[in-house]
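As the structure is a computational prediction, the values presented were derived from the model and not from experiment. Excluded from the calculations below are hydrogen atoms, water molecules and symmetry mates; all remaining heavy atoms, backbone and side chain alike, are included.
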Amino acid sequence: MTAQPLAAPPRPVLFEIQRAGRVWRLASSDGLFFGLFQTRASALRCAVEEADRRDGGDVLLHTHD
């Protein structure tokens, strides 16, 4: 009996928030989520809510001013 290789852990999803003119742009590294927000706080809230909906893996939050 041969050993089966272990499955690789899921890649973390990066939610990036950056200023885009007068709005804040939120995008996920897997390309499944995108949004424009009037405030950085609202973009961050939305990123956390979206991360909570995801199963498995870690979510990294990174913000640019």
Side-chain angles (χ1 to χ4, degrees):
M1 179 179 208
T2 59
Q4 297 294 323
L6 296 175
R11 291 185 73 191
V13 175
L14 173 65
F15 286 87
E16 185 173 27
I17 300 169
Q18 59 186 346
R19 186 177 281 284
R22 294 173 53 185
V23 296
W24 291 88
R25 178 182 179 272
L26 166 61
S28 64
S29 60
D30 60 6
L32 298 177
F33 191 82
F34 173 82
L36 297 174
F37 300 85
Q38 291 183 349
T39 66
R40 183 171 62 176
S42 61
L44 182 58
R45 270 193 310 273
C46 189
V48 170
E49 290 171 4
E50 181 64 19
D52 287 345
R53 290 186 192 104
R54 307 277 181 125
D55 290 333
D58 296 323
V59 175
L60 306 170
L61 296 174
H62 182 71
T63 302
H64 296 278
D65 279 338

Residue pairs passing the salt bridge (Lys or Arg N to Asp or Glu O under 4.0 Å) test with at least one member in residues 22-31, sequence neighbours excluded, are Asp30-Arg54

Between Gln38 and Trp24, does the side chain to side chain contact (heavy atoms under 4.5 Å, CB included) criterion hold? Intermediate values first, please. CA-CA 6 Å; Gln38 291 183 349; Trp24 291 88; over 6 Å; no

For Ala43 and Leu26 the tightest heavy-atom approach is O-CD2, 3.6 Å

Is any side-chain heavy atom of Ser29 closer than 4.5 Å to a side-chain heavy atom of Phe15? no

Ser42: what forms a side chain to side chain donor-acceptor pair (under 3.5 Å) with it, not counting sequence neighbours? Thr39

Just wondering, do Leu14 and Ser28 contact through their side chains at under 4.5 Å, heavy atoms? no

So which residues get pulled into Val23's cluster when ILVMFWY side chains under 4.5 Å apart are joined, directly or through others? Phe34, Leu36

